[in-house]
Undergrad: 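To start, I am sharing the structure in question, which I have written as structure tokens.
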Amino acid sequence: MTEAAPDCLFCRMVAGDITPDVVAETPTTLAFRDVNPQAPTHVLVVPRTHHATIGALAAADPGLAAELLAAAQAVAVQEGLATGSAPEPGWRLVVNSGPDAGQTVHHVHLHVLGGRGLGWPPG
Ligand code: AMP
Ligand code: ZN
């Protein structure tokens, strides 16, 4: 579905009912700081329309999925984690999808993480 979902936290942010710490906006995406940051930079990038998972978004609107990815790259550049031409000092994109990955908010969101060395493999 693409209309706002009742009781969806990120739809409420997009609608302006809850005001997150916004760092970037496009006509189709919103980027804001995670309330419980796991790195010096931890920004969530969401589409303004509601899709539960990255898979659902990719199936329903691949163009919007590409816009979401471009918005994450723009945030990384804005946060000093990359330039337009090089991935230095570097950053990580995380998309939790479903229970085993620990997805807790069921409105697709890209985590932009950086500002410290990031361990691998992830937990
Ligand atoms: P996930 O576990 O991938 O579904 O990520 C959900 C993320 O949303 C977590 O990192 C939370 O810290 C974050 N989060 C939950 N509530 C808020 C909020 N009100 N503002 C900003 N981030 C939030
Ligand atoms: Zn939503």
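Heads up: numbering here begins at 1 and tracks the sequence. Just so we're clear, the structure is a prediction, and the values are computed from it rather than from any experiment. We count ligands from 1, going down the list as the structure has it; atoms in each ligand are counted the same way.
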Undergrad: I'd like to know if His111 contacts ligand 1, where contact means a heavy-atom distance under 4.0 Å to any ligand atom.
TA: yes
Undergrad: Checking Glu67 side chain against Pro47 main chain: does a donor-acceptor pair fall under 3.5 Å?
TA: no
Undergrad: With heavy-atom distances below 4.0 Å as the criterion, list the atoms of ligand 1 near Gly102.
TA: 2 (O)
Undergrad: Would you say Asp21 has more than 12 foreign heavy atoms packed within less than 6.0 Å of its CG?
TA: yes
Undergrad: Between Thr29 and Ala71, which heavy-atom pair has the shortest distance, and what is it?
TA: OG1-CB, 3.6 Å
Undergrad: At less than 2.8 Å, would any N/O/S atom of His106, backbone or side chain, sit next to the Zn ion (ligand 2)?
TA: no
Undergrad: For atom 12 (O) of ligand 1, what's the nearest protein heavy atom and its distance?
TA: Asp34 OD1, 2.5 Å
Undergrad: Which bit of Leu9 is near ligand 1, meaning a heavy atom under 4.0 Å away: side chain, backbone, both or neither?
TA: side chain
Undergrad: Could you check whether the rings of His42 and His111 sit parallel, tilted or perpendicular, using 30° and 60° as the cut-offs?
TA: tilted
Undergrad: Return yes if some donor-acceptor pair links the side-chain N/O of Glu25 with the main-chain N/O of Pro27 below 3.5 Å, else return no.
TA: no
Undergrad: Nearest to the Zn ion (ligand 2), which N, O or S atom of His107 do we find?
TA: ND1
Undergrad: Give a yes or no on whether His51 keeps an N, O or S atom under 2.8 Å from the Zn ion (ligand 2).
TA: no
Undergrad: Does a salt bridge link Arg33 with Glu79, judged by any charged N lying under 4.0 Å from a carboxylate O?
TA: yes
Undergrad: Any atoms of ligand 1 less than 4.0 Å from a non-hydrogen atom of His109? List them with their elements.
TA: 1 (P), 3 (O), 4 (O), 5 (O), 6 (C)
Undergrad: In the protein, which heavy atom is nearest to atom 22 (N) of ligand 1, and how far is it?
TA: Val35 N, 3.2 Å
Undergrad: To the nearest 10°, how many degrees is the angle Cys11 SG to the Zn ion (ligand 2) to His50 ND1?
TA: 110°
Undergrad: Can you find a heavy atom in the side chain of Val46 that is under 4.5 Å from one in the side chain of Phe32?
TA: yes
Undergrad: May I ask you to identify the nearest protein heavy atom to atom 4 (O) of ligand 1, giving residue, atom name and distance to one decimal place in Å?
TA: Thr104 N, 2.7 Å
Undergrad: Can you list the atoms of ligand 1 that are under 4.0 Å from a heavy atom of Asn96?
TA: 1 (P), 2 (O), 3 (O)
Undergrad: Write down the atom of Val77, the atom of Gly84, and the distance for their closest heavy-atom approach.
TA: CG2-N, 4.2 Å
Undergrad: What is the minimum heavy-atom distance between Leu118 and Leu113, and which atoms define it?
TA: CD1-O, 3.8 Å
Undergrad: Can you name the atoms of ligand 1, numbered from 1 with element, that are less than 4.0 Å from a heavy atom of Asn36?
TA: 12 (O)
Undergrad: How close does the nearest protein non-hydrogen atom get to atom 18 (C) of ligand 1, and which residue and atom is it?
TA: Met13 CE, 3.5 Å
Undergrad: Is it the case that the side chain of His109 and the backbone of His107 share a donor-acceptor pair, with hydrogens and angles ignored and the cut-off at 3.5 Å?
TA: yes
Undergrad: Check Val45 against Ala31 and note the closest heavy-atom contact, atom names and distance.
TA: CG2-CB, 4.1 Å
Undergrad: Need the ligand 1 atom indices (1-based, order shown) with element for anything under 4.0 Å from a heavy-atom of Arg33.
TA: 21 (C)
Undergrad: Taking atom CZ of Arg12 as the centre, does the number of heavy atoms from other residues, nucleotides or ligands within less than 6.0 Å exceed 12?
TA: no
Undergrad: Under 3.5 Å, N or O to N or O, is Val105 touching ligand 1 that way?
TA: yes
Undergrad: Give the residue and atom name of whichever protein heavy atom lies nearest to atom 8 (O) of ligand 1, and the separation in Å to one decimal.
TA: Leu44 CD1, 3.6 Å
Undergrad: Could you list the atoms of ligand 1 found under 4.0 angstrom from a heavy atom of Gln103?
TA: 4 (O)
Undergrad: Does only the side chain of Ile18 get under 4.0 Å from ligand 1, or the backbone, or both, or neither? Count heavy atoms.
TA: neither
